[in-house]
Amino acid sequence: ERPFASGGKIEMQLEAGGYTVRPGDGNAIRVTLGGNAGAAKVEVTTNDAQASVSVKDTPRNNFQATIDVPKNADLVIRLTAGDLKVEAIGGNKDIESYAGNVDIVTGDAKDYASVDASVKAGDINASAFGEAQSGLFRRLTWSGTGRRRADAGASRLTHRQERPCRPTRGSHPGSLRSTRCCPWRT
């Protein structure tokens, strides 16, 4: 874990695996390994409003990592292969995955000035921006009035708004039990 100011830029170089990047509780960057961590190496460096996260030497199967970042940060993420989930983090997003799935919670489309998403072969599901495409060499470009920018490329790419929390009924009539507001959060 390294302290890092909200609103800065975080660059991530991630080797193959399953990753979740989510807003943390404070102004810090924390990487937690799970699944088969093997001999994976994590390096986090910070310098004023710049940070870098590197995950190397990941095993070939069932590697998982959760990366907590400040709630507002510009993200630059490069993933060699695997699945990447980016939860609702305010800021610009520049994300590429050479092979695998990328799922990005973008929040409100009104916050974005531009979105550029592409796949070489696969799907773009951009419900937050009113579009879906499938096939070879697909590209979505979108312009709005906001200030943020999102650029993403992957084999399967999903941009979506965060779903509101709704409690679910418990086993007793009239009772409510807590709910995981967003099923992609762990």
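Here, residue 1 is the first one in the sequence, and each next residue gets the next number. As a basis for the values below, the full set of heavy atoms in this structure was taken, side chains included, without hydrogen atoms, waters or symmetry mates.
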Acceptor/donor pairs from residues 42-54 side chains to any protein atom, 3.5 angstrom cut, sequence neighbours excluded:
from, atom 1, to, atom 2, distance (Å)
T45, OG1, S52, OG, 2.6

>> Please evaluate residues K85 and D103 with respect to the criterion salt bridge (Lys or Arg N to Asp or Glu O under 4.0 Å), reporting the C-alpha separation (whole Å), side-chain torsions for both, the decisive distance (0.1 Å), and the verdict.
In response: CA-CA 5 Å; K85 295 178 184 176; D103 183 9; 5.9 Å; no
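- Atom CG of D83 and atom CG of N101 lie 4.5 Å apart (nearest 0.5 Å).
- Here the closest non-hydrogen pair linking S97 and G82 is OG-O, 4.2 Å.
- When all heavy atoms are compared, the tightest approach of K71 to P23 is CG-CB, 3.7 Å.
- Side-chain contact between L84 and I77: present, with at least one pair of heavy atoms (C-beta onward) separated by less than 4.5 Å.
- Nearest heavy-atom pair across G38 and P59 is N-CG, 4.1 Å.
- Residues L33 and V31 are in side-chain contact: their nearest non-hydrogen atoms beyond the backbone lie under 4.5 Å apart.
- Rounded to the nearest 0.5 angstrom, L75 CG and K9 NZ are separated by 10.5 Å.
- For A5, there are no side chain to side chain contact (heavy atoms under 4.5 Å, CB included) partners at least two apart in sequence or on another chain.
- Without hydrogens or angle criteria, D57 side chain to A39 main chain gives no donor-acceptor distance under 3.5 Å.
- Across every non-hydrogen atom of S6 and P70, the tightest pair is CA-CB, 3.8 Å.
- Here N36 contributes atom CG and N62 contributes atom CG; the two are 6.0 Å apart, rounded to the nearest 0.5 Å.
- Look at R147 and D111 and you find no salt bridge, because none of the NZ, NE, NH1 or NH2 atoms lies under 4.0 Å from a carboxylate O.
- A 4.5 Å side-chain heavy-atom check between L14 and Y19 finds at least one atom pair inside the cut-off.
- Using a 4.5 Å cut-off between side-chain heavy atoms of Ile, Leu, Val, Met, Phe, Trp and Tyr, with links allowed through other members, V86 and V76 fall into different hydrophobic clusters.
- Of the possible donor and acceptor atoms, one in the side chain of T80 sits under 3.5 Å from a partner among the backbone N and O of A16.
- One distance of note links CZ of F4 with CD1 of I10; it measures 5.0 Å at 0.5 Å rounding.
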>> Let's go through N72 and I89 carefully: what are the C-alpha distance in whole Å and the side-chain angles of both, what is the deciding distance for side-chain contact (heavy atoms from CB on, under 4.5 Å) to 0.1 Å, and is it a yes or a no?
In response: CA-CA 6 Å; N72 289 299; I89 298 166; over 6 Å; no
> Going through the checks in order, is the side-chain contact (heavy atoms from CB on, under 4.5 Å) test met by D116 and W142?
Replying inline: CA-CA 7 Å; D116 186 356; W142 185 89; over 6 Å; no
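- Across every non-hydrogen atom of E1 and A28, the tightest pair is OE2-CB, 3.8 Å.
- Between Y98 and R78 the shortest side-chain heavy-atom distance falls below 4.5 Å.
- Between the Q133 side chain and the R139 main chain, a donor and an acceptor come within less than 3.5 Å of each other.
- With contacts defined as side-chain heavy-atom distances shorter than 4.5 Å, the pair M12/I67 qualifies.
- In this structure D68 satisfies the salt bridge (charged side-chain N to carboxylate O under 4.0 Å, His left out) test together with R22, R30, sequence neighbours excluded.
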